Amino acid sequence: MTAPAQVENPPLTCSEECLMRPGNTNCGGCGMSVGLTFLSRALREAGQRCQLVIPACCGIVTAGGYPTTGYSVPVLASTFASAAAFAAGVAAVRDLNSESHHVICWAGDGGTYDIGMATISAAAERNENILYICYDNEIYGNTGGQRSSATPPGARTTTTPAGKREGKKDIMAIMAAHRIPYAATLSIAHPDDFLRKIRTALLLRGFRFLLIHSPCPTGWKSEPGESIELVRLAVRSGLFAVYEVFDGVRYRINIKPTGADPGEYYRRQNRFPADSINLDDVRSSLKASNDRLAKLAEVFPAGG
Amino acid sequence: MTLELVTGNHAAGYALAAAGEANRFARGAACGIYPITPQTEIVEYVAKFPFSKGRIIAVESEHSAMGVSIGASMAGARAFTASSSNGLAYMTENIMVAGLYRLPIVLAAVNRTLGPPWNIWADQGDTLYLRDFASIQLYCETNQEVLDSTLLAFRLAEDRRILLPVMVIMDAFILSHTQTETDLPEQALVDDFLPPLLLPHQLNFDHPATIGGLTWPRETLSQRIEIDEAFERVPAAYEEHRAEFRRIFGRDVGGMISMEDTEDAEAVLVASGTIASTARQVVRQRRRRGERIGLVKMKMFRPFPGEALLDACPKAGKFGVLDRDYAAGLGGVWWHDLRSAMQGRRDGAIVQGYLTGGCGGDVTPDMIDEVIDDLLNRRSAGKPVWKGIDR
Ligand SMILES: Cc1ncc(C[n+]2csc(CCOP(=O)(O)OP(=O)(O)O)c2C)c(N)n1
Ligand code: SF4
């Protein structure tokens with residue numbers, strides 16, 4: 001009889017070791033749930049603890065209603081714009097007291113790209129010793145699905161009923177421009193890469209920024225069971241570039257697009273009205289942005 | 001005791017820094033800071049201070065300044081900040097959080113007219129409008145009072161029966177930029193007065209709570225009621241800390257209210273901040289002429305010490321309230337609060353509002369004389385009277 005295959009990463013159940021306890025309020029198929037599970041695993045493997053600072057967003061609702069909490073670590077809810085400021089205060093006191101836990105912001109795209117932009121920019125400029133994770137569901141989920149500057153062109157939200165006309169803000173370029181030690185994009189469809197990047201971020205000090213492409217069946221009008229498949233398609237088609245930037249200047253592309261058809265990604269979500277996407281335009285702009293990124297990685301490589 | 005010539009801003013900065021330094025054997029001091037005229041020198045003072053265990057973070061806005069202080073306080077450090085005018089308005093959302101999170105953050109505020117138009121002179125409207133957000137407010141009349149009240153503010157704020165932010169407030173320029181002789185106490189005395197801070201609800205791995213998450217109406221209401229109960233405990237706690245202040249520093253930090261000839265006064269002026277100094281001189285002069293006039297200087301606002309005021313003026317049937325502020329559509333905020341405090345206690349009294357010195361106008365002895373004449377001649381209270389402008 002052959003021995004059962006060695007399982008390298010035992011599946012993490014929602015136990016005390018997971019940041020997110022059973023009984024949280026996330027929708028089925030929510031990318032946040034997977035992201036938090038991976039974050040838990042990386043922390044556990046590193047033998048490290050964290051305190052979370054969460055602005056107004058779905059992530060604070062995850063905790064459920066007082067006096068219970070869906071999180072297994074101390075969580076400080078911040079005002080919508082203030083996560084990076086609250087976290088800077090918490091982290092400063094941690095460092096004054098030579099404590100070793102991580103202070104992690106867990107924030108939506110609204111709290112990051114929009115209302116929190118000045119705060120996050122200032123914290124990055126000061127290189128505060130915090131790990132800032134944005135789960136980007138490309139919409140204001142908490143308030144029922146309005147546009148953000150992370151909403152992709154063509155997507156219908158309650159405030160862009162005909163599909164968004166503007167592009168998606170390039171937050172990675174903005175964060176890189178702050179010359180922070182580490183900025184990376186993460187896809188929950190690629191756990192190894194995802195975990196490695198969290199580990200990398202946990203090893204570094206200073207302001208670290210991670211951007212998770214976080215499926216939101218409620219806002220994307222997609223099937224909960226297809227969440228992982230959708231973000232995988234986004235990577236394969238080049239709609240979501242998976243890369244990392246060191247010190248704001250050295251680039252590495254981690255997962256290359258395979259040339260998959262972006263049309264498939266759009267068709268499987270009802271947030272994109274049929275006439276809101278011109279696939280030829282999409283393909284040419286994708287090519288331009290991915291070529292540009294490839295060039296950056298070639299000319300300014302992150303090294304071994 | 002060594003007296004030095006310092007501004008109100010210097011006095012506030014000195015006290016904030018000494019209080020932060022006094023926590024060096026506990027979790028230290030940390031805060032966010034942001035400049036605005038006329039308080040800028042306060043944050044510059046703390047930014048320069050060589051803390052043994054502290055970090056002052058110069059951020060990009062008042063909103064974030066209070067945000068950093070909230071994070072620092074939640075992590076157990078002694079935290080404070082300072083602002084004025086539109087800075088306070090911009091900070092408001094997080095000032096509210098500091099109160100609702102029951103954080104003992106001390107906020108030094110220099111009263112400046114809210115804009116536009118831009119006007120940097122004294123007006124209490126910028127702090128009075130924050131009255132509903134669970135912070136204690138202490139208005140000061142001298143630079144010494146600013147320094148002493150700032151130290152007292154930390155004790156009061158950190159008292160476990162209270163746990164509320166405290167604002168220490170002074171008039172723009174009249175105090176903030178005017179040097180007067182002030183005793184700057186030694187660090188050792190401040191250390192004695194301010195024991196290490198141990199915040200009971202500090203972020204804690206043994207009790208991983210979500211602070212500020214979704215909370216149901218009943219539980220939120222209980223939290224508001226707890227705040228109300230804490231406010232009720234403020235007067236008694238204030239007196240305890242005032243006595244302790246006297247024991248350690250050998251002087252009085254001043255009462256929640258203080259009286260000038262109110263025992264037998266038939267008409268009483270009610271004033272705060274530096275207007276109280278001018279009013280006191282005028283009241284004394286007219287007393288010497290035999291007029292039964294008194295003055296109550298209000299130091300504390302929220303909780304409003306209305307009962308103490310009425311007890312101090314047993315004979316008064318007329319109250320003239322001097323407001324260096326204007327709440328649009330209403331009149332003076334102090335006047336409004338005093339009228340509420342009167343209800344059911346001295347219903348027949350005339351409570352007349354005078355809008356004096358708003359938007360940085362001078363409040364002269366002559367103006368106070370006019371106010372007293374008007375008050376004495378009144379048979380009933382009317383609309384608030386604007387002073388200092390011919391229209
Ligand atoms: C100052 C302020 N403005 C507006 C809101 C209302 N609000 C709460 S969450 C939210 C949207 C959050 O969107 P995002 O950051 O993308 O997170 P998500 O809800 O999608 O998880 C808004 C507009 C608020 N809480 N505070
Ligand atoms: S609305 Fe979207 S982001 Fe929010 S919990 Fe549901 S799936 Fe997750």
Side-chain angles (χ1 to χ4, degrees), chain A residues 16 19 21 25 49-56 59-99 101 103 105 115-123 125-126 128 130 142, chain B residues 23-24 26-32 34 51-79 81 92-94 96-97 100-101 103 105 201-216 218-220 222-223:
Chain A
E16 286 304 302
L19 289 174
R21 289 167 160 165
T25 59
R49 300 196 289 185
C50 76
Q51 292 173 343
L52 294 175
V53 177
I54 308 181
I60 197 62
V61 182
T62 303
Y66 177 89
T68 59
T69 172
Y71 289 105
S72 62
V73 295
V75 175
L76 176 58
S78 84
T79 44
F80 196 15
S82 291
F86 278 41
V90 175
V93 178
R94 172 206 54 197
D95 291 345
L96 283 175
N97 289 279
S98 310
E99 291 159 349
H101 57 269
V103 176
C105 291
I115 199 168
M117 189 78 249
T119 321
I120 185 180
S121 166
E125 180 260 340
R126 298 191 307 270
E128 295 292 348
I130 55 183
N142 180 297
Chain B
N23 206 38
R24 64 197 175 284
R27 291 184 66 75
C31 69
Y34 198 75
F51 287 98
S52 311
K53 185 175 181 179
R55 184 164 169 229
I56 304 298
I57 305 182
V59 296
E60 83 294 352
S61 71
E62 288 86 358
H63 195 269
S64 286
M66 184 53 89
V68 168
S69 297
I70 288 169
S73 185
M74 265 301 176
R78 187 163 280 156
T81 192
T92 299
E93 188 189 23
N94 283 336
M96 194 167 71
V97 175
L100 296 176
Y101 279 178
L103 295 175
I105 295 173
H201 53 302
Q202 182 184 312
L203 294 176
N204 181 351
F205 282 105
D206 296 331
H207 297 280
T210 291
I211 296 172
L214 181 70
T215 304
W216 314 113
R218 252 180 85 88
E219 283 74 11
T220 312
S222 322
Q223 190 245 14

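Each chain gets a letter, A, B and so on, in the order the sequences are listed, and its residues count up from 1. Note that this is a predicted model, so its numbers are computed, not measured.
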Based on non-hydrogen pairs under 4.5 Å, which of B/R27, B/E60, B/K53 is most in contact with chain A?
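Greatest number of close heavy-atom pairs with chain A: B/R27.
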Which of B/S64, B/G54, B/G71 touches chain A most, by non-hydrogen pairs under 4.5 Å
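The option with the most such pairs is B/G71.
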Contacting region of [X] [heavy-atom separation from chain A under 4.5 Å]:
X     : answer
B/V59 : both
B/S69 : neither
B/A58 : backbone
B/A79 : neither

About how many Å separate [atom2] of [Y] and [atom1] of [X], when rounded to the nearest 0.5 Å?
X     : Y      : atom1 : atom2 : result
A/S78 : B/Y101 : OG    : OH    : 7.5 Å
A/L96 : B/N23  : CG    : CG    : 10.5 Å
A/Y66 : B/I211 : OH    : CD1   : 10.0 Å

Evaluate the side chain to side chain contact (heavy atoms under 4.5 Å, CB included) criterion for residues B/M74 and A/F86: first the C-alpha distance (whole Å), next the side-chain angles of each, then the deciding distance (0.1 Å), finally the verdict.
CA-CA 9 Å; B/M74 265 301 176; A/F86 278 41; over 6 Å; no
Minimal non-hydrogen separation, A/S82 against B/N94, with atom names
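Here A/S82 and B/N94 meet closest at OG-ND2, 3.0 Å.
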Looking at chain B, which one of A/A123, A/G64, A/A81, A/G70 has the largest number of heavy-atom pairs inside 4.5 Å, strictly under?
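Option with the greatest count: A/G64.
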Quick check for you: among A/V53, A/T79, A/I60, which has the greatest number of heavy-atom pairs under 4.5 Å with chain B?
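Ranked by heavy-atom pairs under 4.5 Å with chain B, first place is A/T79.
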With sequence neighbours left out, what residues match A/E128 under side-chain hydrogen bond (donor to acceptor under 3.5 Å, both in side chains)?
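Applying side-chain hydrogen bond (donor to acceptor under 3.5 Å, both in side chains) to A/E128 gives A/R126, B/R55.
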Proximity breakdown for A/A87 and chain B, heavy-atom pairs closer than 4.5 Å
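Neither part; nothing is under 4.5 Å.
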So which of A/V75, A/L76, A/I54 actually passes side chain to side chain contact (heavy atoms under 4.5 Å, CB included) with B/T210?
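Of the listed residues A/V75, A/L76, A/I54, the side chain to side chain contact (heavy atoms under 4.5 Å, CB included) partner of B/T210 is A/V75.
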